[in-house]
Amino acid sequence: MMPLAVAAYTATSAMGHGLAAQRETLESMRSGLRPNDFGSAPLPCWIGRVDGLEQAALPAEHTRWECRNNRLAWLGLNQDGFLARVQQARQRHGANRIGLFVGTSTSSIGATEEAYRRLDADGNFPADMQRPAIHAPHSLAAFVAAALGLEGPCLTVSTACSSSAKVFASAQRMIALGLIDAAVVGGVDTLCDSVLFGFNALELVSTQPCRPFDVARDGISIGEAAGFALLQRVEAAPQAPRLLGYGEASDAHHMSTPHPQGLGAGLALHAALARAGLEAAQVDYLNLHGTASQKNDEVEAALVSRTFPATTRASSTKGFTGHTLGASGILEATVALQAIEHGLVPGNLGGDTPDPACGPSFAWRNEHQPVRVALSNSFGFGGNNACLAFAAAGFAA
Amino acid sequence: MSALRIHVEGVGLWSPQLGDFDALRSLLDGGSPPPPPARPAAARMAPNERRRAPESVLLAVEVAGQAVAMSGREAASLACVFASSHGEQSITDYMCATLAHSPTELSPTRFHNSVHNAPVGYWTIAVGCHEPSTAVCAHRASFGAGLLEAAGQVLAEQRPVLLVCADTAGSGPLGKVIGGEQPFACALVLAPAAGPATRARLDIQLNAGGEGTDLAPPLSGWRAGNASAEALPLLAMLARGTGRCQLAAGPRLGLQIDTEAVA
């Protein structure tokens, strides 16, 4: 496929606000997880919470979009000079020639939950919650479009935990077809009762910090994050890292359990390699979905073993951030991009006693080495699988 | 920029008044098609799955099954783009009400059925589809934005795509805020090239217009009552065979669609 330049990118999560904080947290192998202090009756688990959201009100002109998820979106957009880069692209290409593709699993449902906690005597939403736009899953994309002043194609992808990986594919197709000249892609999900109590009901939440690929792993830790990237044609940013390929596939197996042989995950990974024109052995780093659920990690470890040589280094970074659900695709794409930019293979934090199913590719501690090609896996409920392939500027497959 | 040219091979439709695309054609020809049974048949699902499935899944599977049958394509061979403005409203209502009072009693099944990609997940499972599948939304413009995403896949990847757009009626306190008077679902099977199953050719141009083409009653009322029914200008044009319509793909983005019937 036609590669694209990742001309700018940014991330905000429990690792910190912006890329410098993220890199420092990764370098120090320090987890951003904390005991659950979210909500009025917190479950006994650990969470990846972003500091400062409670004080980060939206600017006055965006008050109608107020909610935790849009606050995190705005906080994220304000890191790493990202807003200015989008403004430059808008001036260069025009507001209607820049697409916006964002992934989210629950968007601003936290605001809907709050409205239900505060129903009036007649059973209606309180006056300050009578805002239909924030009670729709498109709330995030609609807010970001308004905040960035973009008027091109604008789409929410909501395929659970693969959402903000798949936005790269949508953007690439529309740029390749000439419908747009650039795209802002990204994703935001925030802590809310729906996911904390929902995953708890499925018995998928650990009472400890999550331990991806550890033999004693017993569930996920839920986190929140915002991440964005600006995609342009390579000529517009020749020195930037590239999106080389993407792959998408469906398990057709079960709504909340991965295919036991990782069928869809493997199809997505091989589709990404094929579109990028890569052999598996050319991959230097693979950021794994690695949620620390029993089943995901078992299936994904086997996929790594049967696909890659030991020279491909692999790790999950959810021990740093928790599982940020619909934001994990973009968050971990930024980890893969930082791996390329800084030659940092982040260690698989939390895997103190590796599952014997994990082969020699696993990087249990940080490694410093040139990374020219990095992949990122993202898998979601409903058997929805995506894989992204990135490479350093100038890399030729 | 030249138009995006795609080909329609199948059309599915379900609402409380219209059980399929033929019913819409009959209505527009002045007929009085009989309303379908109250619950979509969703025949492509296994009976045990169908009994437990939320309404949004039944709606999507019903219209997907109709469109795929008309196209003659193998269901498992089609990439899937499933759009919905609000997903399963009754589950959102249930979850928010339960979380407000007794959060630890939340049903795990209803939680995993609450994801926006539940309908496309159940569809891929029902038909054994391993192709790419996605679930998208753009509020009132979900059909237009979903059509653009589907056209992008059809043309950039040169593959047939199943597009579904479905919304349930509003439910509970949430429903009073976001509206939704009745369910509506539709589906198209879209292909890059003309073939023996082609029924119509679509030429799509992006423009700055945000409003959909005017409709006459009763279609105008159905559209006002469900975000997915924003598809009706295109569906009506497909029923007539030839013409031009406008759909919203966003607040300041429109799709101008020229349709040519292919016999």
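Labels below follow one simple rule: chain letters A, B, ... track the order of the sequence lines, proteins then strands, and each chain is numbered from 1. These numbers were taken from a predicted model, which means no experiment stands behind them.
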Between A/Asn124 and B/Lys176, is the side-chain contact (heavy atoms from CB on, under 4.5 Å) condition met? List the steps. CA-CA 8 Å; A/Asn124 293 318; B/Lys176 285 191 237 172; 2.7 Å; yes

Considering only heavy atoms, which portion of A/Ala160 lies under 4.5 Å from any heavy atom of chain B: side chain, backbone, both, or neither? both

Flag the one option from A/Ser170, A/Ala176, A/Gly264 with the top tally of heavy-atom pairs under 4.5 Å to chain B. A/Ser170

Checking A/Leu263 against chain B: side chain, backbone, both or neither under 4.5 Å from a heavy atom? side chain

Would you please test A/Gln130 and B/Val177 for side-chain contact (heavy atoms from CB on, under 4.5 Å) and show each step? CA-CA 6 Å; A/Gln130 300 271 350; B/Val177 173; 3.7 Å; yes

Assert top hit (heavy-atom pairs under 4.5 Å, partner chain A, pool B/Pro103, B/Ser142, B/Gly172, B/Ala100) equals B/Pro103

Tell me if a side-chain donor or acceptor on A/Tyr116 pairs with a main-chain N or O of B/Leu174 at a distance below 3.5 Å. yes

Based on non-hydrogen pairs under 4.5 Å, which of B/Gly121, B/Ala97, B/Ala135 is most in contact with chain A? B/Ala135

Enclosure of B/Glu211 CD (heavy-atom neighbours >12, cutoff 6.0 Å): no

For chain B, which of A/Leu155, A/Val157, A/Asp193 has the most heavy-atom pairs under 4.5 Å? A/Leu155

Chain B shares the most heavy-atom pairs under 4.5 Å, among A/Arg275, A/Arg131, A/Met129, with A/Arg275

Full working for side-chain contact (heavy atoms from CB on, under 4.5 Å) between A/Met255 and B/Val115: CA-CA 10 Å; A/Met255 276 307 292; B/Val115 295; 4.1 Å; yes

Distance, nearest 0.5 Å, that separates CG of B/Leu99 from SG of A/Cys192: 8.5 Å

To the nearest 0.5 Å, what is the distance between NE2 on B/His116 and OG on A/Ser158? 5.5 Å

Which answer fits B/Cys129, side chain, backbone, both or neither, if we ask what part of it has an atom under 4.5 Å from a heavy atom of chain A? backbone

Whether the side chain of B/Asn117 engages the backbone of A/Phe381 through a donor-acceptor N/O pair (distance < 3.5 Å, no angle test) should be reported. yes

Residue part contacting chain B, namely of A/Phe199, when any heavy atom lies under 4.5 Å: both

B/Thr124 and A/Asp251 side chains, donor-acceptor separation under 3.5 Å: no

To check you understand the geometry: which heavy-atom pair defines the closest contact between B/His139 and A/Ala133, and what is its length? CE1-CA, 3.9 Å

With only heavy atoms counted, which part of B/Glu157 is less than 4.5 Å from chain A, the side chain, the backbone, both or neither? side chain

Among A/Leu119, A/Asp120, A/Thr112, which residue satisfies the side-chain contact (heavy atoms from CB on, under 4.5 Å) criterion with B/Pro173? A/Leu119

So how far is it from A/Leu202 CG to B/Leu106 CG, rounded to the nearest 0.5 Å? 9.0 Å

At a heavy-atom separation under 4.5 Å, does A/Ala136 approach chain B through its side chain, its backbone, both, or neither? both

Shortest non-hydrogen separation from A/Cys154 to B/Ala145 and the atoms involved: O-CB, 4.1 Å

To the nearest 0.5 Å, how far apart are SG in B/Cys96 and CD in A/Glu114? 11.0 Å

Going through the distances and angles, do B/Leu206 and A/Asn96 end up as a side-chain contact (heavy atoms from CB on, under 4.5 Å)? CA-CA 10 Å; B/Leu206 300 191; A/Asn96 65 348; over 6 Å; no

Which answer fits A/His135, side chain, backbone, both or neither, if we ask what part of it has an atom under 4.5 Å from a heavy atom of chain B? both

Tell me, for B/Glu131 versus chain A, whether the close heavy atoms (under 4.5 Å) come from the side chain, the backbone, both or neither. backbone

How long is the straight-line distance from CE of A/Met174 back to CG of B/Leu148, given to the nearest 0.5 Å? 3.5 Å

Please state whether the side chain, the backbone, both or neither of B/Phe82 comes within less than 4.5 Å of a heavy atom of chain A. neither

Taking every non-hydrogen pair under 4.5 Å, which of A/Arg118, A/Met2, A/Arg173, A/Met1 racks up the most with chain B? A/Arg173

Report yes or no: does A/Asn384 contribute a side-chain atom to a donor-acceptor pair with the main-chain N or O of B/Ser133 at less than 3.5 Å? yes

Just how far is it from atom NE2 of B/His130 to atom CG of A/Asn385, taken to the nearest 0.5 Å? 10.5 Å

Max heavy-atom pairs within cutoff under 4.5 Å with chain B, candidates A/Ser250, A/Ala252, A/Gly382, A/Gly326, goes to A/Ser250

Per-residue contact mode, B/Thr104 against chain A (heavy atom under 4.5 angstrom): both

